[in-house]
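Okay, structure first, notes after.
The chain is numbered in sequence order, starting from 1.
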Amino acid sequence: MISEEPADLQATIEQTDSGEQQYVLRALCDHLSGIREELSGIRTLLEAGHAASEAMRGQAQAYLEAQQARTQEYLEQVQIEPEPDFYPFVELPAGTAPRDLPDGNRLFTLPDGMILRTTDDQRICVIDAGEQQVITPGPGTTIEVAPGRLYTLVESYLRSTQEAAGISGLPAGIEPTAMGAERFAVNLPEGIRLDVDHRERFITLINPAGPIDIIGIGRIDGIGETIAVRLLSGGAKGFQCGQSGHGGLIEADGTIHLGLKSGLDLVIRFLGEAVDDGAPGNGCSGQCGIDCVERT
């Protein structure tokens, strides 16, 4: 803060008797007056700089507020499109239009005109060029909707429950997966895969060492190993697999009591009535499209 000139300095000079001292005081007074003028100039410069700084700050603040207003106005005008929901597909081509159906299923119209529709039994219905075809997912979560045209399904879409699969005794945390119409699969400990086919009323055990066991009241077959079968009273059957070590009992109504070599005991109950393999569209070839021959 710059002080004003001392008011009593001139009076002090006038009260001095000595001419020499008066001269010195006069010189001192002039010198102080010069300093005061210099300080006054500095104050003027500082005030001007401060004023310029405040002006720049105000201009910058006004510019930022204007930019924020314009940005907010732009965001309000732009409608952000939500990400398309292709569930149960992981991804479909860009431009695909999904639609929810009243029955809970979903329909997808692809850019090339192909239509995909989910079904109640976790399969996919393909409508293309006027032709309709129901596709069973697999292997895994992939599905081939046209030759060489593969898409991937969300795993949870194929996940099922023990009750729906008719399997009792599964370890905690292991749930079956729906593989198609009344067909389920579950990966058991030690790398064993169990497939349950309610239409054919048999199970398939795929062992990691190689042997495959097909077990049902109407069919007991071992591929890669021998299965010993014994008839029991009331139409039941007992079985013992030679290499894999699995064994169990099949009741007359088809219920399978399966004891795995690992000590895990499962009960598989088939739902509904058995299908007529002789009817068109039924049987193994009707589901997988392969004209196979059953061994006896």
Is a side-chain donor-acceptor pair under 3.5 Å present for T118 with N105?
yes
Residue pair E65 / Q61, side-chain donor-acceptor N/O under 3.5 Å:
yes
Taking 4.0 angstrom as the limit, do R57 and E54 come out as a salt bridge?
yes
Note, I220 side chain near I250 side chain (heavy atom, < 4.5 Å):
yes
Tell me, do F108 and L92 make a side-chain contact under 4.5 Å, heavy atoms counted?
yes
Is the shortest heavy-atom distance from the side chain of T204 to the side chain of D213 under 4.5 Å?
no
Would you check if Y151 and P137 make a side-chain contact, meaning some heavy-atom pair closer than 4.5 Å?
no
Within one Ile-Leu-Val-Met-Phe-Trp-Tyr cluster: Y87 and V145, side-chain cutoff 4.5 Å
yes
Heavy-atom count around E131 CD within 6.0 Å, excluding the residue itself: above 12?
no
same_hphob_cluster(I143, M114) at 4.5 Å side-chain heavy-atom cutoff
yes
Donor-acceptor pair, distance only, cut-off 3.5 Å: does the side chain of S244 make one with the backbone of C241?
no
Take R219 and D197, measure what salt bridge (charged side-chain N to carboxylate O under 4.0 Å, His left out) needs, and give me the verdict at the end.
CA-CA 12 Å; R219 179 184 181 185; D197 191 328; over 6 Å; no
Does any part of the side chain of E37, heavy atoms only, come nearer than 4.5 Å to the side chain of L39, both counted from C-beta?
no
Is R99 salt-bridged to D85, going by a charged N under 4.0 Å from an acidic O?
no
Could you identify which residues cluster with V267, counting Ile, Leu, Val, Met, Phe, Trp and Tyr as linked when any side-chain heavy atoms lie under 4.5 Å apart, either directly or through a chain of such contacts?
none
Hey, mind stepping through V186 and I167 against side chain to side chain contact (heavy atoms under 4.5 Å, CB included) and telling me if it holds?
CA-CA 10 Å; V186 59; I167 306 173; 4.2 Å; yes
Under 4.5 Å between side-chain heavy atoms, hopping through other hydrophobics if needed: is there a path connecting F86 to L153?
yes
Is the ring centre of F184 less than 6.0 Å from the ring centre of H198?
yes
Donor + acceptor pair across side chains of T152, E91 (<3.5 Å):
no
Any side-chain heavy atom of I203 sitting closer than 4.5 Å to one from F270?
yes
Salt bridge between D253 and R201, side-chain N to carboxylate O under 4.0 Å?
no
Same cluster or not: are L188 and L258 linked, directly or through other Ile, Leu, Val, Met, Phe, Trp or Tyr residues, by side-chain heavy atoms under 4.5 angstrom apart?
yes
Side chains of Q240 and H246: any donor to acceptor distance under 3.5 Å?
no
When clusters are formed by joining ILVMFWY residues with side-chain heavy atoms under 4.5 Å apart, either directly or through shared neighbours, do I174 and I256 land in the same one?
yes
